[in-house]
Amino acid sequence: MDELEAIKVTFFQECEELLADLEGGLLAMQDGNDDGDTVNAVFRAVHSIKGGAGAFGLEPLVRFAHVFETLLDAVRSNEVPSTPDLVATLLRASDVLADHVSSARGLGVVDEAVSAAMAAELKACTDPNAAPAPVVETPVFEAAPVAAAPAEALIGADDALDDDDLGFDFQPMTITIDEQAADVAAAVGNVWTVSIRPKSDLYRKANETALLLRELARLGPIEATLDASAIPPLDLLDAEAAYATWTVRLETEEDETAIREVFEFVDGDCDLEITRGEGLNPDAALAALLAGDAPAAAAAVPVVVAEIPAPVVVEAAPEPVAVAPVVEAAPAPVVAPIAPAAPVAAAPAAAPAAAKTQQIDVPGPGQSVIRVDPERIDRLIDLVGELVINQAMLAQRVGEYGIAPSSNLAMGLDELEQLTREIQDSVMAIRAQPVKSVFQRMPRLVREVASMTGKQARLVMDGENTEVDKTVIERLSDPITHMLRNAIDHGLESPEERKAAGKNPEGVVRLAALHRSGRIVIEVSDDGKGINRERVHSIAIKKGLISPELQLTDEEIDNLIFLPGFSTADKISDVSGRGVGMDVVKRSVQALGGRISITSRPGQGSTFTLSLPLTLAVLDGMVVDVAGETLVVPLAAIVESLRPKPEEVRPLGPVGSVLAVRDSFVPLIDVGLTLGYRDSSPPPTEGVVLLVEGEDGSRAALVADAIHGQRQVVIKSLEQNYQQVDGVAAATILGDGRVALILDVDAVISLRRREPPRPAEPTLIAAE
Amino acid sequence: MTRTVLTVDDSRTMRDMLRMALAGAGFNVVEAVDGEHGLEVLSAHRPDVIITDINMPKLDGFGFIEAVRVDDDYRAIPILVLTTESDPAKKDRARRAGATGWIVKPFNPEKLVDAIRRVAA
Amino acid sequence: MTEEITVTGERRELISFRVGEQEYCVDIMAVREIRGWSPATTLPQSPGYMRGVINLRGAVLPIMDLACRLGMPVIEPTVRSVFIVVKAGDRMIGMLVDAVSDILSITDDLVQPTPDLACDAVRSFIRGIISIDGRMISEISLDRLLPEREALAA
């Protein structure tokens, strides 16, 4: 059942959102914000999960959710006060609920004991006196009290029907087929008399007697008589009130329960009497009516009933009976079995559905939202990427023709470039999402890690609304998870240690997201003990990762933890471990074109800084020539470009040079040499210099042979088909259709610091 | 003649399930995510029947039903309310607000269509 | 030019091609397309057998000099040089070869085990040898051919 499966997928997606809302609400309550709206939202989250789970028969989830919901209902109606302890309990319950959802999805198992214990705790909170669970209401309909009035109204027809008073010809009629009499006598056990006197409330709720009669008719053939005797004159008529009484003779094999069920919805809104047998003789009542006892205002009946649209005959009805409306010109209040296919026109009150709606998903509350298949967006972004490339190629080819910049053609191309750029920006913005979706998993993670390591930790989050392209969002989760684990497991001290150090036993871990120089920066900081530099240094030496004589700055020592094979844990703890060291985290971050580093203050804490490009899709870059190769340097890294004068270039050491830039000296890096394109460097004065700044703020002067111009390029991955290459962030396709590499500025800077690059193995450069 | 049902529920899952059952029975379905939204959609489309949940943000089922009943244009539209069986008080309150009938959750599509038949012309 | 050998067994189709004077082949199911030669953008710090990358309809395709990978002298591309674009796992790569020969249809019992040579490259990359009409065609094993995705030192 594909559609049902699709809805199930939707359900689990919705559960994720609801669980997030639940946690958010509970955290807000924990912060002291427990107003009605918040508590209600918390209740609704669990209620909705339960509702959906019920629809899919996910029993354990339903059971747990029910207990949870009951307690929350009590909290929101102020029967149970919201105390910090209670909120802590509710938070734990929300974790168990999340486990139940995961288990229902087949993504894990719920610890039965934990769940049962939690449920018991919730019940105890709901009612310490252990009242029984709410009784399940039986669907059996209670008989409405039988009023004495109907009998009177039927028999005691007081007012005469005055035919001439209002010019209406009111002809109540009974049509009885005599052959039935014998059958009736024989089957008296199957005959019932139902008398219905609707009260005004019945109509107020848009119920209609006509529909009730139709429903009765499904049980068997009916004859219905209207007693209009209680209907007052027109000028006394209250259009809202109910005056009519119907007596129905029903022949059915069903029992009384089935008959009462028909009136389930109008329980209390009408006086109902059900008796077996002929009951009151309709002929007698009829005679009374015909004797002119019906009030003059019977003609006003159409006014009362006009509000009730006449029913449409349901073709599938087993007993084809048309209930003729009293409204019509020839009022026939008594029905006879009529042949089917006598459709009655619907009154205007129930307007047929005119507007055919599209299957567009509903605009969400508060803002207009459209749900779109992500594949379509991806395709759109790819296409726009192609558009950008194509536009660049076009511009290039036209440029080769030497068209004057002021000509119409050139200006038209400029406009095209503008438009293309705008389209690209807009399309990228569609995919931009706040990091909230990643962040909101973290409070639970922190709770769990803290509990597992015996630490006390509180998570503070900042900048959840910072936006990032979808391609990046998905990759944030793992690195953030590892940084948080590391911060709590290794960064924070135990509560005793903290107290001894004069700190609050509860440690604070801060997770923040912000935009900085065209990138997104994620910071994870803790107020723990900071990195033990001596220990880290000695471990690195012991593991042979660095040479003992190497002089390292404090910061360099801190970042040793990112070296492959480094792990300070003697055993890999279940928490930070499963063998995932920070080196793996660093590699995966780098594969995205990102950077990760750590700073630390002993005794005070550490801060991980993770930076990533805002999107993995486009980049503003400067196109340069280096040793015959075309490279793209990310604009975000470039401070300025200059043509160095000879006196500004100063040799330093055996092979290096620096560039004097205003008051400082900046190392000169020949990109061609660093990347292995050439073995020796031409003088920097013959080329151009790009002054760049790395993520850590360090500056360098990159030497290139020539600058071609600035361009926005579409980023293509190298890793997809090949692998990461040192010094190269990614690739792009230029206007001439050729691939150009995008420089990884930070890598180039650090490559320069290391041993001189190994010379490239001999390759035959492809001839043009 | 296709009839239109307006479903009002803040749960996407529930809306989808209702849609599946109703469209399968030949109804045209329009949706709203809460009571406030329901009133907006109501004025744009003229449903023949309304099915609404009770617990919703902004304007809950009770408020929604009351608002519908107060408006002359809509007071005759049948309203079915979605309830859970363990909550008779809510159902009564819904009826007092003006609900025509009710459907118990979890609902089965047949009962849903039955209920609609019982209240809609 | 399909050669049919009527022996029982699973039938596979292979594309055969020339590298220098030698003949090799690869499973046709892995071949995505054959492209004429075009200049590749050099990849820095890369093994010698990686010629660079080209633009394949908007994707970046690495080009491997197959001769070099097999330990033989590098190929000097001529107008008849060809890139055979193959898919191995989730990656695509273009193999630079001298020319494409034909398509073979064989059964597995025709593939002989690789003779034991001292050369690592041969042992690693050749699945087996096929003998047809006096020709010796070595079948390339694509899984081993592509370099491991090592992350280079941080």
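In what follows, every chain begins at residue 1, and chains take the letters A, B, ... in the order their sequences are listed. Note that this is a predicted model, so its numbers are computed, not measured.
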Taking all heavy atoms of [X] and all of [Y], pick out the closest pair and write down the distance.
X: Met14(B); Y: Gly52(A); value: CE-N, 4.2 Å
X: Ile7(A); Y: Met20(B); value: CD1-SD, 3.8 Å
X: Arg95(B); Y: Asp269(A); value: NH2-OD2, 3.4 Å

Inter-residue atom distance [X].[atom1] - [Y].[atom2], 0.5 Å rounding:
X: Asn55(B); Y: Asn40(A); atom1: CG; atom2: CG; result: 7.5 Å
X: Thr13(B); Y: Lys8(A); atom1: OG1; atom2: NZ; result: 11.5 Å
X: Thr10(A); Y: Met17(B); atom1: OG1; atom2: CE; result: 10.5 Å
X: Lys90(B); Y: Asp73(A); atom1: NZ; atom2: CG; result: 5.0 Å
X: Arg204(A); Y: Arg75(B); atom1: CZ; atom2: CZ; result: 10.0 Å
X: Lys50(A); Y: Ser11(B); atom1: NZ; atom2: OG; result: 13.0 Å

Under a 4.5 Å cut-off applied to non-hydrogen side-chain atoms, are [X] and [Y] in contact?
X: Leu211(A); Y: Arg118(B); answer: no
X: Ile79(B); Y: Lys205(A); answer: no
X: Thr100(B); Y: Phe265(A); answer: no
X: Asn207(A); Y: Pro78(B); answer: no

message: Which residues pass the side chain to side chain donor-acceptor pair (under 3.5 Å) test with Asp114(B), not counting sequence neighbours?
response: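 For Asp114(B) the side chain to side chain donor-acceptor pair (under 3.5 Å) partners, ignoring immediate neighbours, are Arg117(B).
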
task: Measure from NZ or CZ of Arg12(B) to the centre of the six-membered ring of Phe11(A) and say whether it is under 6.0 Å with the direction within 45° of the ring axis.
output: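 The answer is no; the distance or angle limit is not met.
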
Part of [X] lying under 4.5 Å from any heavy atom of chain A:
X: Ala23(B); answer: neither
X: Ile65(B); answer: neither
X: Asn108(B); answer: neither

Check each atom of [X] against the heavy atoms of chain B and say whether the ones under 4.5 Å are side chain, backbone, both or neither.
X: Val62(A); answer: neither
X: Ala41(A); answer: neither
X: Phe12(A); answer: neither

field: Partners passing salt bridge (charged side-chain N to carboxylate O under 4.0 Å, His left out) against Asp37(A) (at least two apart in sequence or in another chain)
entry: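 For Asp37(A) there are no salt bridge (charged side-chain N to carboxylate O under 4.0 Å, His left out) partners, ignoring immediate neighbours.
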
- request: Give the member of Glu215(A), Glu14(A), His47(A) that has the highest number of heavy-atom pairs under 4.5 Å with chain B.
  value: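 Of the candidates given, the most pairs with chain B belong to Glu14(A).
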
